[in-house]
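Here's the structure, in C-alpha cells; my notes come after.
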Amino acid sequence: MTTSAPASAQVLRTAFQQSVADYWNAEKDPVNLRLGEVDGLYHHHYGLGEYDTSVLEGPENTREVRIIEEMHRLETQQARVLIDRLGDVGSEDRLLDAGSGRGGTSFMVNKRFGCSVDGVSISQTQVDFANQQAQKRQVADKVRFHFRNMLHTEFETGSRRSIWTNETTMYVDLFELYAEFSRMLENGGRYVCITGCSNDVMGLRSKAVSRIDEHYTCNIHPRSEYFRALAANGLVPIDVVDLTADTIPYWELRAKSSVATGIEEPFLTAYKEGSFHYLMIVADKI
C-alpha cells in the first residue's frame with residue numbers, strides 16, 4: 001500500500017533539488033532516448049563490458065545504428081550486474097528504485113523476480129514517462145513510479161526487501177539518504193549502489209571530475225563518504241567491486257557515436273588518471 005503523492009513543495013525542498021528537477025524535466029538527450037528506442041527499455045546510466053569492434057566496421061550507412069544498439073547492450077548489461085546482487089528476492093517482496101529515471105531497471109527487476117517495484121524521482125516528466133511505459137508493458141499493477149524525494153519517500157518502515165541506486169546518489173546527502181534507506185529496509189535487507197565517486201586518496205577533486213559535476217548539475221561524493229554514511233546507518237558492505245576498467249570501453253564507443261555530448265573526454269580522463277572510480281557497493285542492513 002502506498003500513500004497519496006505529496007505536493008511539489010514537499011518533494012522539492014531546496015533550490016538545488018528544484019534545479020535538478022528542472023534539468024531532468026527538460027532533458028531530451030538522444031543518448032538516453034535513442035538507446036531506449038532499441039527495445040523499449042529506457043536507462044539513465046552507463047555501460048559495462050568490452051564492446052564488439054565489428055560495429056565500427058561494415059556499411060557506413062548502418063554504422064550508427066550498430067553503435068547505438070551496442071551501447072544499449074552495454075547499458076543493459078550494467079543493469080544486469082546490479083540486479084544480480086539484489087539478493088534473495090521473491091514474487092511477494094517489495095523493492096525500491098531510488099532515482100528511477102525512465103524506469104528501465106525497474107522493469108527488468110520485475111521481469112526477473114515477479115516482485116513489486118516502486119520507483120521514485122523528483123522529475124515529474126520522468127515519472128509520467130515511466131508510468132506510461134508500465135501501462136504499455138501491462139505491469140502497472142506491480143511497477144509504479146512516484147513523484148517523491150528519495151530522502152523522504154513516505155513509504156512504510158521495514159517495507160522493502162531490497163533498494164538500489166544507479167548513478168543517482170550524487171544528487172543527495174548520503175547520511176540523510178542512508179538513514180531513509182535503513183528505515184525502509186527489513187532486517188537483513190539488501191542495498192546495492194552503482195556510482196561514480198572521486199578518489200579522495202588523490203586529494204581534492206580533479207578538473208575532470210569538476211567538469212562532470214557541472215555538466216550534470218550534481219555533487220560527486222568522495223569514495224570514503226559512502227562508507228562513512230553506510231556505517232552510520234547500520235548498512236554493512238558485503239562486497240565492493242571496482243567497475244572502472246569495465247566501463248571505459250563504453251565511454252570509448254560513445255565518443256565515436258553521434259549521441260556524444262562532449263562529456264566523454266572528462267570521464268575518460270578522470271577514469272584513466274585515477275581521480276574517479278566507478279564502484280558497485282553491496283550492503284546489508286543489520
Decide yes or no for [X] and [Y]: does some side-chain heavy atom of the first lie under 4.5 Å from some side-chain heavy atom of the second?
X	Y	result
E167	Y278	yes
I67	L56	yes
H45	E75	yes

Practice item. Would you please test F181 and N233 for side-chain contact (heavy atoms from CB on, under 4.5 Å) and show each step? Key: CA-CA 9 Å; F181 287 0; N233 290 287; over 6 Å; no
Hey, is [X] close enough to [Y] for a salt bridge, meaning N to O under 4.0 Å?
X	Y	result
R66	E69	no
R112	D84	yes
R205	D213	yes
R211	E214	no
D93	R160	no

Would you please say whether a donor-acceptor pair under 3.5 Å links the side chains of [X] and [Y]?
X	Y	answer
R34	S258	yes
T125	N25	yes
H43	R102	no
D22	Q18	yes
T157	R183	yes
H72	D39	yes
R80	T76	no
S206	E273	yes
R254	T261	yes
Q124	D128	yes
Y226	T195	yes
E180	T153	yes

Point to revise | Qualifying residue, where the test is side-chain contact (heavy atoms from CB on, under 4.5 Å) with R223 and the options are V240, N199, I281 | key: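 Of V240, N199, I281, side-chain contact (heavy atoms from CB on, under 4.5 Å) with R223 is met by N199 alone.
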**Study point:** Closest heavy-atom pair and its distance - D200, P222
**Key:**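 Minimum heavy-atom contact is OD2-CB, 3.4 Å.
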Point to revise | W251 ring center within less than 6.0 Å of Y46 ring center | key: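 Ring centres of W251 and Y46 closer than 6.0 Å.
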Exercise for review: Verify the ring-centre separation between F155 and H146: is it less than 6.0 angstrom?
Suggested key: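 Centroid distance H146-F155: below 6.0 Å, so yes.
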Review point. Any sub-3.5 Å donor-acceptor pair from K285's side-chain atoms to L185's backbone N or O?
Key: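 Indeed, once roles are kept as given, a pair shorter than 3.5 Å links the two residues.
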**Study point:** Identified ring-ring contact (aromatic ring centres under 6.0 Å, His included) partner of F107 from the options F145, F113, Y42
**Key:**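 Option passing the ring-ring contact (aromatic ring centres under 6.0 Å, His included) with F107: F145.
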**Study point:** ring pair (Phe, Tyr, Trp, His ring centres under 6.0 Å) between Y178 and Y191, worked out
**Key:** CA-CA 10 Å; Y178 293 155; Y191 168 59; 5.2 Å; yes
Exercise for review: Identify which one of T247, D246, T105, N166 satisfies the side-chain hydrogen bond (donor to acceptor under 3.5 Å, both in side chains) criterion when paired with Q78.
Suggested key: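 That would be N166.
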